[in-house]
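Below, all heavy atoms of this structure are taken into account, side chains as well, without hydrogens, waters or symmetry copies.
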Amino acid sequence: MLPIDVAAHSSRWRGRHPLEKALLGLGLTVTAVALPPWPGGPLVGAATLAVLLGPAGVGRRQLWRAFRVPLGFCVTGALPLLVSVGGPDGFLALAPDGPRHAGELLLRTSAASLGVLLFAFTTPVSDVLPRLVRAGVPAPVADVALVMYRIGFLLLDSMDRVRRAQAARLGHTGRAAVWRSLAGLAATSFVRAFDRAARLQEGLAGRGYDGALRVLVPEARLSRRFLAATAALLTALVAGTLVLKELYL
């Protein structure tokens, strides 16, 4: 399993209803996107970090390892705003308001990414997909998503085993050997993917699969206190952002 999935399964909030965590995490994400980037971005980011490292119990190293990937995308998306192409100042020049636009985009996207990570770090996918059927999502759609989620881990495990076998056979000693190993890894993973899918289909057929995967879903009740605290936090962030914006103006 991926580290973020391990953290979700062992989270302090594992027993809470996924809807509670979705309202909190996605609410923070929407707030980060909808509010002005300054001071909304820093406020939402700080509040999300406080929840992640505090009540949610996420470790700092775990959070950084997961956050550095979307942060890299945020930085990559903000850098093009620093320059203008084909303007009166030449083919490539610094944009007049480039640093401001890039900083605003970086603040907004990084805070929104933390909100998504809050939901991911506290809610396993296996707790969400079965409940989507109750919410009106067609059962075959949820079943396909659950199967693909499982196959993804199997393929990652297979790729890791093949990579370690190649390294043990000196498959990474030179540039040419590395390219040959990568080609062999891709080919082996492609073949194993079809083999896993065929075996999975045979296993489901042997167990009387009738179009729906029935799994046990842990019972969880909505907490009014948690929902009230979520609403209070989001309201405080909106109000604080608007007040601070007026003060800075």
Side-chain angles (χ1 to χ4, degrees), residues 1-33 43-71 110-154 156-157 200 204 207 209 212-238:
M1 298 180 68
L2 297 177
I4 193 170
D5 292 278
V6 175
H9 280 277
S10 59
S11 172
R12 296 178 184 174
W13 288 356
R14 172 68 191 278
R16 291 194 173 277
H17 199 286
L19 181 59
E20 297 177 357
K21 295 173 283 188
L23 291 176
L24 177 59
L26 300 184
L28 289 170
T29 300
V30 173
T31 304
V33 174
L43 284 179
V44 175
T48 310
L49 279 175
V51 174
L52 279 166
L53 301 177
V58 179
R60 296 182 180 181
R61 292 184 179 180
Q62 289 179 325
L63 179 59
W64 170 244
R65 289 175 182 175
F67 180 59
R68 61 187 179 184
V69 176
L71 181 61
S110 58
S113 300
L114 286 173
V116 176
L117 286 178
L118 174 60
F119 181 74
F121 264 109
T122 56
T123 311
V125 176
S126 57
D127 288 353
V128 178
L129 292 178
R131 287 184 169 90
L132 293 179
V133 179
R134 302 178 183 177
V137 177
V141 175
D143 292 344
V144 170
L146 189 61
V147 171
M148 294 304 299
Y149 174 72
R150 174 60 178 165
I151 289 179
F153 287 111
L154 295 176
L156 288 176
D157 181 66
L200 178 62
L204 291 175
R207 290 168 175 82
Y209 177 68
L213 293 174
R214 296 171 179 84
V215 296
L216 294 176
V217 180
E219 293 294 334
R221 294 183 179 181
L222 292 174
S223 173
R224 294 183 179 180
R225 291 184 179 181
F226 192 93
L227 295 177
T230 298
L233 176 61
L234 297 178
T235 303
L237 289 174
V238 173

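T123 places no side-chain N or O within donor-acceptor distance of the main-chain N or O of P18, the cut-off being under 3.5 Å. Remark: side-chain polar atoms of S11 are not paired, donor with acceptor, to backbone N or O of A7 under 3.5 angstrom.
Heavy atoms only, all atoms of each residue included: A112 and A32 are closest at N-CB, 3.7 Å. Of all non-hydrogen atoms in V69 and R65, the two that sit nearest each other are CG2-O, 4.3 Å. Closest approach of L114 to G45, counting heavy atoms only: CD1-O, 3.9 Å. Residues T48 and G115 come closest through the heavy atom pair CG2-N, 3.8 Å.
No side-chain heavy atom of L118 sits under 4.5 Å from any side-chain heavy atom of T29. Side-chain contact between L24 and W13 is present, with heavy atoms from C-beta onward closer than 4.5 Å.
Legend: salt bridge (charged side-chain N to carboxylate O under 4.0 Å, His left out) pairs involving residues 16-25, not counting sequence neighbours, sorted by first then second residue: R16-E20.
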Can I get a per-line list of side-chain donor-acceptor pairs under 3.5 Å for residues 221-231, giving both atom names and the distance, sequence neighbours left out?
| from | atom 1 | to | atom 2 | distance (Å) |
| --- | --- | --- | --- | --- |
| S223 | OG | F226 | N | 3.3 |
| T230 | OG1 | F226 | O | 2.9 |

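Remark: L49 CG to F67 CZ distance equals 7.5 Å, nearest 0.5 Å.
In this structure F119 satisfies the ring-ring contact (aromatic ring centres under 6.0 Å, His included) test with no other residue, sequence neighbours excluded.
When each of L23, T31, V30, V44 is paired with L234, the side chain to side chain contact (heavy atoms under 4.5 Å, CB included) condition holds for T31 and for no other.
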